[in-house]
Amino acid sequence: MPAHDITPEKNEYRLVLLQSRTHAVLMQHDNDGLSLPRLAIPDGTRPAEQLQSAIRKNWNLRAIVLDFLAIGSESTPCAVVEILNPVPGTSLLEASIDKIADEDLVPEERGVVEGILAGDIDGRGPFSRVGWVQDAMEWMQSAIGRDVAFTGEVRQLNASGNFALARFATQSGPAYWLKATGQPNTHEFQITRLLAELCPGCIPRRVGNSTIRSIHLGA
């Protein structure tokens, strides 16, 4: 079979799209009523990056993946996503979490999502929390020591409750990277620091760090 005829494998995700301001969930309307939207992304790619891009392309929504749920017997993985911008004209509808059918979200998953909305992440890690992006920008302002005008565009490459990799664009000057390491990737922090020392011209310059995250400066 010619190479151009090969269709890449794709993985489908259920999306729990959270509106942080209203605590509503964005759902789609189909013949059976309301259901969680789903997206398929290429296998072997970064799920957070691909889902963020696909959500922007399909619904013009800026989003951050908070966590991936692996609960219950549902074969389709579930991504919990925070919507960062107000919802423009879109086919998605706002609904309360109790409108999600058990076929879409098993009780254990529902409990996790309710906890995230309530600010009770129950040991899932700081990056499962709604609003961490705004807190990260404020922390960067403090670490840098001056006001930085962020555009609100955040490119997410890695996502989990315990670790993150994201690029924060600014209105002028360089972008800032957030490299956060936690279980099971705590070793990455020392690797990143060593690379910064050995190859300072190859990766963004470190401008600040704390016990749970480090900030790098560069485009």
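Positions are given from 1, in the same order as the sequence printed here.
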Side-chain heavy atoms nearer than 4.5 Å, only ILVMFWY residues, links allowed to pass through others: does that put [X] and [Y] together?
X    : Y    : result
I41  : L17  : yes
F150 : W132 : yes
V16  : L69  : yes

* Cationic N near anionic O, under 4.0 Å, D67 to R124 ->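 Salt bridge flag = yes for R124 with D67.
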Heavy-atom distance under 4.5 Å between the side chains of [X] and [Y], does that happen here?
X    : Y    : result
K99  : V25  : no
I116 : V130 : yes
R129 : D135 : yes
L117 : E114 : no
L61  : L92  : yes

Roughly how far, to the nearest 0.5 Å, is the [atom2] atom of [Y] from the [atom1] atom of [X]?
X    : Y    : atom1 : atom2 : result
S91  : N58  : OG    : CG    : 8.5 Å
N162 : F127 : CG    : CZ    : 8.5 Å
K57  : L39  : NZ    : CG    : 10.5 Å
M27  : D104 : CE    : CG    : 6.0 Å
Q28  : L26  : CD    : CG    : 11.0 Å
L84  : Q19  : CG    : CD    : 10.0 Å

* Sequence neighbours left out, what pairs pass ring-ring contact (aromatic ring centres under 6.0 Å, His included) with at least one residue falling in residues 51-71? =>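 Listed by first then second residue: Y13-F68.
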Output all residues satisfying side chain to side chain donor-acceptor pair (under 3.5 Å) with [X], sequence neighbours left out; order by chain, then residue number.
X    : value
N85  : none
D30  : S35
T170 : none

With sequence neighbours left out, write down each residue that passes salt bridge (charged side-chain N to carboxylate O under 4.0 Å, His left out) with [X], or none if nothing qualifies.
X    : value
E12  : R38
R62  : none
D102 : R110
E94  : none

* **Closest heavy-atom pair and its distance - I100, L105** =>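 In this case the closest contact between I100 and L105 is CG2-CB, 3.6 Å.
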* To do: Quick one: closest heavy-atom pair of D147 and Q141, and the distance?
  =>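 So the minimum-distance heavy-atom pair works out to CA-OE1, 3.0 Å.
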Can you give me every donor-acceptor pair (side chain of residues 46-54, partner residue at least two apart or in another chain, under 3.5 Å) with its distance?
from	atom 1	to	atom 2	distance (Å)
R46	NH1	L157	O	3.4
E49	OE2	R155	NE	3.4
E49	OE2	R155	NH2	2.9
Q52	OE1	Q156	N	2.9
Q52	NE2	A63	O	3.0
Q52	NE2	V154	O	2.6

* For A169, side chain to side chain contact (heavy atoms under 4.5 Å, CB included) partners two or more places apart ->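 In terms of side chain to side chain contact (heavy atoms under 4.5 Å, CB included), with neighbours along the sequence ignored, A169 is linked to T151, E153, R167.
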* Is a side-chain N or O of R14 found less than 3.5 angstrom from the main chain of P37, in a donor-acceptor match? ->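 Side chain of R14 to backbone of P37: no pair is present.
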* To do: Look only at the side chain of E109 and the backbone of V106, and say whether a donor-acceptor pair between them is shorter than 3.5 Å.
  =>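 The answer is yes, because a donor-acceptor pair under 3.5 Å joins these two groups.
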* **ILVMFWY clustering at 4.5 Å (side-chain atoms), partners of L198** =>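 Taking Ile, Leu, Val, Met, Phe, Trp and Tyr as members, L198 shares its hydrophobic cluster with L194.
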* **Any pair counted as salt bridge (Lys or Arg N to Asp or Glu O under 4.0 Å), so long as it reaches residues 75-86, sequence neighbours left out** =>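 Not a single pair qualifies under salt bridge (Lys or Arg N to Asp or Glu O under 4.0 Å).
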* **Partner of V81 under side chain to side chain contact (heavy atoms under 4.5 Å, CB included), chosen from L18, I55, L66, I64** =>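 So the option named by the test is I55.
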